[in-house]
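In what follows, chains are A, B, ... by sequence order, proteins preceding strands, each numbered from 1.
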Amino acid sequence: MNLFADIRAVVIDSLDALVADGTLPGGLSFDNVAVEPPRDPAHGDMATNAAMVLAKPAKMNPRAIADALAGKLTADARIASAEVAGPGFLNMRLTPDVWQGVVKAALTDADYGKSTLGQGKKMMVEYVSANPTGPLHVGHTRGAVFGDALATLLAYAGYDVTKEYYINDGGGQVDVLARSVFLRYQEAHGQEVAFEDGTYPGDYLIPVGQALKDKVGDAYIGKGEDVWLQDIREFSTEKMMDLIRSDLAALNIEMDNFFSEKSLYGTGLIESAIAELKEKGLIYQGTLEPPKGKMPDDWEAREQTLFKSTDFGDDQDRAVQKSDGAWTYFAPDIAYHYDKVNRGFDALINVFGADHGGYVKRMKAAVSALSDNKVPLDIKLTQLVKLYKNGEPFKMSKRAGTFVTLRDVVNQVGASVTRFHMLTRKNDAPLDFDFAKVLEQSKDNPVFYVNYAYARVNSATAKASAFADVSPATLAATDLSGLTSEAELTVAKKLAEWPRLVEIAAKGHEPHKIAFYLYELASDFHALYNKGNDDVSLRFVQEGDVSTTQAKIALIRAVSVVIVAGLGILGVTPAEEM
RNA sequence: GCACCCAUAGCUCAGCUGGAUAGAGCGCUGCCCUCCGAAGGCAGAGGCCGCAGGUUCGAAUCCUGCUGGGUGCACCA
């Protein structure tokens, strides 16, 4: 049930009727007709811009359209009044039983808020995709939380979503990893080792070196890279992916699929992807212009195989082969996305860190070329996370050992708090993460504010259950006609916005909107709760009046249902009590 | 030098894809617990929506140009 969609349907039907009786000319498009909550609730419950949108194409005065439309609309039993206001807004007021119906829907329809917007379209969300060279850090955490919430949101909105992690296990950084593990392996054999520049000195490789020793004994001691590099590469990427998988599990993230870059090599997949582009005339041999800004010291013109990404709005064509003929990192990425297209996805979303901003245009170029513009690729960049400890900015440095990992964060504040907090900003705004503040228990902290509302609902329900049957089955069948006070209807109206909000958030790929909505819902709930202090009739628990109590508990259980659903999209589990 | 992102209350940020008098939290001022959890609520002060143009019935929102900040800019991933 989506009340806004229902009322919009009434508006469209009424417009059709106006066309039929000649009031409006034929051939009008109603696509831009919207039914929305008015900015100011005093204007009414819902407003439509129909008259203003249609005034021009119909060559009519907007107020004349609005007047005619108003007459038709009030024929619907749900619409108590329809008034023309301002330049041609049509403000509608709905009858209380409509809002009571929303409460009922939230309690009886297990799918209240779910949408069919996606129509089962296949969608891939690729996120995290961190190099398999170490544990995830805070920056990865934000991308992980964002991607995961977005995937859940899209599934909730009716898309068939696949969550995927692309493992960059094909490039030179894995050699670096292997050499670093070899050092730890030697160390495990009691040798003195030195970590030079270009190796990973992190402690997390110590157990990997030990495990390698347990596996191969001293077989690689004193041997050259030609003997061990390949094997240690595989061994240590596997270990790193185990580590990363467990990091993700700590955040309650489970991928549907891990896709290995290495698996593309030697299978002809890269070659066929490039061949596909070549057929379209987008691959050529050429030399790139030197960079315009600061010139690298060792720059020299070299002929390479290039992809004509400038045809798709990129600033520069991009190399797919190095001057020595080896593939660049871009080539397997093209092949990977070619594979995504061939797997039949209707739309792709990639979640990258902000430092990959320069990569967006060429990736979009590749996908539009490979899919003949049929598969849209949306790339969401998550901005930096600024850490604070005790109110002071906290700089991360690998060398200084102040490197903050995902584990550090989750261990200190918990998965739920981490997830919610990281979704209280839109992805393209920088995020402050203060270890003290996110644990603060006040309304300054949205996580607790929302959870507090949930806990209050539970508390009131428990109190009511002492004398009234407030089981879900009973509440679902409860007569709600007593819910007529302005304060109660305000909460019900907020609940009515939920399905609409899900669609808006899903369309825009903006899971943070869920978090803000939950805050608003909690705020309306807390306001109602406190009104009970002054006005006894608004208290949820009416001692000795079973049916009134049941109706009021039904309302707040509906709030709780939506809170749980919303938090579920964000991947947050609320505490029952606080 | 170029590209992308950002600019809204003293601070941190929303603003539902072009709608009505621009909202919330913190901070500040003042109220509300013999009362379902005050971990809360109510009210007040506080704005040239960075600047200048443009598009139209209508712009914080779309376009252009500036200003200021962030990020990235051959053959690393």
> Centre of Tyr529(A)'s six-membered ring, under 6.0 Å away, within 45 degrees of the axis: is that where NZ or CZ of Arg456(A) sits?
Replying inline: yes
>> Of the listed nucleotides (rA14(B), rC75(B), rG37(B)), which one gets closest to any side-chain atom of Lys463(A)?
In response: rG37(B)
> rA7(B) and rC49(B): how far apart are their C1' atoms, nearest whole angstrom?
Replying inline: 10 Å
> Within the structure shown, what part of the strands sits under 4.0 Å from Ala455(A) by heavy-atom distance: base, sugar-phosphate, or nothing?
Replying inline: base
>> Just to be sure I understand the rule, does Gln542(A) reach a base, reach only the sugar-phosphate, or reach nothing, if contact means heavy atoms closer than 4.0 Å?
In response: nothing
> Does Met52(A) or Arg302(A) map to a spot on RNA chain B nearer the 5' end, using the closest nucleotide for each?
Replying inline: Met52(A)
>> Counting the atoms with a prime plus P, OP1 and OP2 as sugar-phosphate, which does Lys513(A) contact under 4.0 Å by heavy atoms, base, sugar-phosphate, or nothing?
In response: sugar-phosphate
> In whole Å, what separates the P atom of rU12(B) from that of rG69(B)?
Replying inline: 16 Å
> Looking at Ser465(A) and Val470(A), what are the two nearest heavy atoms and their distance?
Replying inline: CB-CG2, 3.8 Å
>> Counting the atoms with a prime plus P, OP1 and OP2 as sugar-phosphate, which does Asp355(A) contact under 4.0 Å by heavy atoms, base, sugar-phosphate, or nothing?
In response: sugar-phosphate
>> What's the gap between rC51(B) and rG68(B) when it is taken at their C1' atoms, as a whole Å value?
In response: 11 Å
> According to the Watson-Crick and G-U wobble definitions, with both distances under 3.5 Å, which nucleotide is paired to rA14(B)?
Replying inline: none
>> What I want to check is whether an N or O donor and acceptor connect the side chain of Arg500(A) with the base of rC16(B) at under 3.5 Å.
In response: yes
> Distance between the C1' atoms of rC16(B) and rG23(B), in whole angstroms?
Replying inline: 13 Å
>> Rounded to whole Å, please give me the gap between CG in Asp534(A) and C1' in rC31(B).
In response: 11 Å
> Does the side chain of Lys443(A) get closer than 4.0 angstrom to OP1 or OP2 of rC26(B) through an N or O atom?
Replying inline: yes
> According to the Watson-Crick and G-U wobble definitions, with both distances under 3.5 Å, which nucleotide is paired to rA7(B)?
Replying inline: rU67(B)
>> For a quick check of understanding: with a heavy-atom distance under 4.0 Å over all strands, which category does Gly170(A) fall into, base, sugar-phosphate or nothing?
In response: nothing
> Roughly, in whole Å, what's the span from NZ in Lys426(A) to P in rA60(B)?
Replying inline: 16 Å
> Centre of Phe4(A)'s six-membered ring, under 6.0 Å away, within 45 degrees of the axis: is that where NZ or CZ of Arg500(A) sits?
Replying inline: yes
>> Tell me whether Phe89(A) and rA20(B) count as stacked here, given that the ring centres must be under 5.5 Å apart and the planes must differ by less than 30 degrees.
In response: yes
>> Looking at every heavy atom in both Ala130(A) and Ile244(A), which two are closest together, and how far apart are they?
In response: O-CD1, 4.5 Å
> For rC76(B), does OP1 or OP2 lie under 4.0 Å from any side-chain N or O of Lys322(A)?
Replying inline: yes
>> Does this structure show an ion pair linking Lys494(A) with Glu520(A), if we count only N-O contacts that are shorter than 4.0 Å?
In response: yes
> Which part of the nucleic acid, if any, lies within contact of Arg318(A), taking any heavy atom under 4.0 Å across all strands shown: a base, the sugar-phosphate backbone alone, or nothing?
Replying inline: nothing
>> Below the 4.0 Å mark, does rA77(B) have OP1 or OP2 next to a side-chain nitrogen or oxygen of Lys262(A)?
In response: no
> When all nucleic acid strands are considered with a 4.0 Å heavy-atom cut-off, which category describes Ser442(A): base, sugar-phosphate, or nothing?
Replying inline: sugar-phosphate
>> In this structure, how many angstroms lie between the P atom of rA3(B) and the CZ atom of Phe352(A), rounded?
In response: 22 Å
> What is the distance, rounded to the nearest whole Å, between atom CG of Leu177(A) and atom C1' of rA77(B)?
Replying inline: 13 Å
>> Considering every strand and a 4.0 Å limit on heavy-atom distances, what is the contact class for Tyr449(A): base, sugar-phosphate, or nothing?
In response: sugar-phosphate
>> Expressed as a whole number of angstroms, how long is the span from Tyr517(A):OH to rG23(B):C1'?
In response: 17 Å
>> Say we look at rG58(B) and rC2(B): how far apart would their P atoms be, to the nearest angstrom?
In response: 35 Å
>> Regarding Ala326(A), tell me which of base, sugar-phosphate or nothing describes its non-hydrogen contacts under 4.0 Å with the strands shown.
In response: nothing
> Partner of rC73(B) by Watson-Crick or G-U wobble geometry, both contacts under 3.5 Å, or none?
Replying inline: rG1(B)
> Are Tyr529(A) and rG37(B) close enough that a side-chain N or O sits under 4.0 Å from OP1 or OP2?
Replying inline: yes
> For Gly532(A), which contact category applies under a 4.0 Å heavy-atom criterion: base, sugar-phosphate, or nothing?
Replying inline: base
> What is the distance, rounded to the nearest whole Å, between atom CG of Leu521(A) and atom P of rA24(B)?
Replying inline: 17 Å
> Does a side-chain N or O from Lys56(A) land closer than 4.0 Å to OP1 or OP2 of rC57(B), or not?
Replying inline: yes
> Can you check whether His356(A) stacks with the rG72(B) base, using ring centres under 5.5 Å and planes within 30°?
Replying inline: no
>> From OH of Tyr359(A) over to C1' of rC73(B), roughly how many Å is that when rounded to an integer?
In response: 14 Å
> Only one of Asp524(A), Leu483(A), Val103(A) forms a side-chain contact (heavy atoms from CB on, under 4.5 Å) with Val491(A), so which one is it?
Replying inline: Asp524(A)
>> Rounding to an integer number of angstrom, what distance separates rC76(B) and rA14(B) when you compare their P atoms?
In response: 38 Å
>> Within a 6.0 Å radius of atom CD on Glu196(A), are there more than 12 heavy atoms belonging to other residues, nucleotides or ligands?
In response: no
> Has Tyr519(A) got a side-chain N or O lying under 4.0 Å from the OP1 or OP2 atom of rC13(B)?
Replying inline: no
> Considering every strand shown, what is the Watson-Crick or G-U wobble mate of rG44(B) when both distances are under 3.5 Å?
Replying inline: rC28(B)
>> Apply ring-ring contact (aromatic ring centres under 6.0 Å, His included) to residues Tyr127(A) and Tyr165(A) and explain how you reach the verdict.
In response: CA-CA 6 Å; Tyr127(A) 56 109; Tyr165(A) 185 121; 8.4 Å; no
> Does Asp428(A) or Val53(A) map to a spot on RNA chain B nearer the 5' end, using the closest nucleotide for each?
Replying inline: Asp428(A)
>> Once you apply a heavy-atom cut-off of 4.0 Å, does Phe540(A) come out as touching a base, just sugar-phosphate, or nothing?
In response: base
> Taking syn as any angle within 90 degrees of 0 and anti as the rest, which one fits rU17(B)?
Replying inline: syn
> Between Lys361(A) and rC73(B), is there a side-chain N or O to OP1/OP2 distance below 4.0 Å?
Replying inline: no
> Rounding to a whole Å, what distance do you find between Leu528(A):CG and rA38(B):C1'?
Replying inline: 16 Å
> Which part of the nucleic acid, if any, lies within contact of Phe330(A), taking any heavy atom under 4.0 Å across all strands shown: a base, the sugar-phosphate backbone alone, or nothing?
Replying inline: nothing
> Does any donor-acceptor pair link the side chain of Asn530(A) with the base of rG40(B) at a separation under 3.5 Å?
Replying inline: yes
>> Please name the nucleotide paired to rA20(B) by Watson-Crick or G-U wobble geometry with both distances under 3.5 Å, or report none.
In response: none
> What nucleic acid atoms does Asn91(A) come within less than 4.0 Å of, heavy atoms only: base, sugar-phosphate, or nothing?
Replying inline: base
>> For Ala515(A) versus Leu423(A), what's the shortest heavy-atom pair and its separation?
In response: CB-O, 3.5 Å
>> With rounding to the closest Å, how many angstrom separate the C1' atoms on rC11(B) and rU17(B)?
In response: 28 Å
>> Please give the distance between the C1' atoms of rA38(B) and rC31(B) as a whole number of Å.
In response: 13 Å
> Is the NZ or CZ atom of Lys389(A) both under 6.0 Å from the centre of the six-membered ring of Phe435(A) and within 45° of that ring's axis?
Replying inline: yes
> So what's rA60(B) paired with, Watson-Crick or G-U wobble, going by both distances under 3.5 Å?
Replying inline: none
> For Ala55(A), which contact category applies under a 4.0 Å heavy-atom criterion: base, sugar-phosphate, or nothing?
Replying inline: nothing
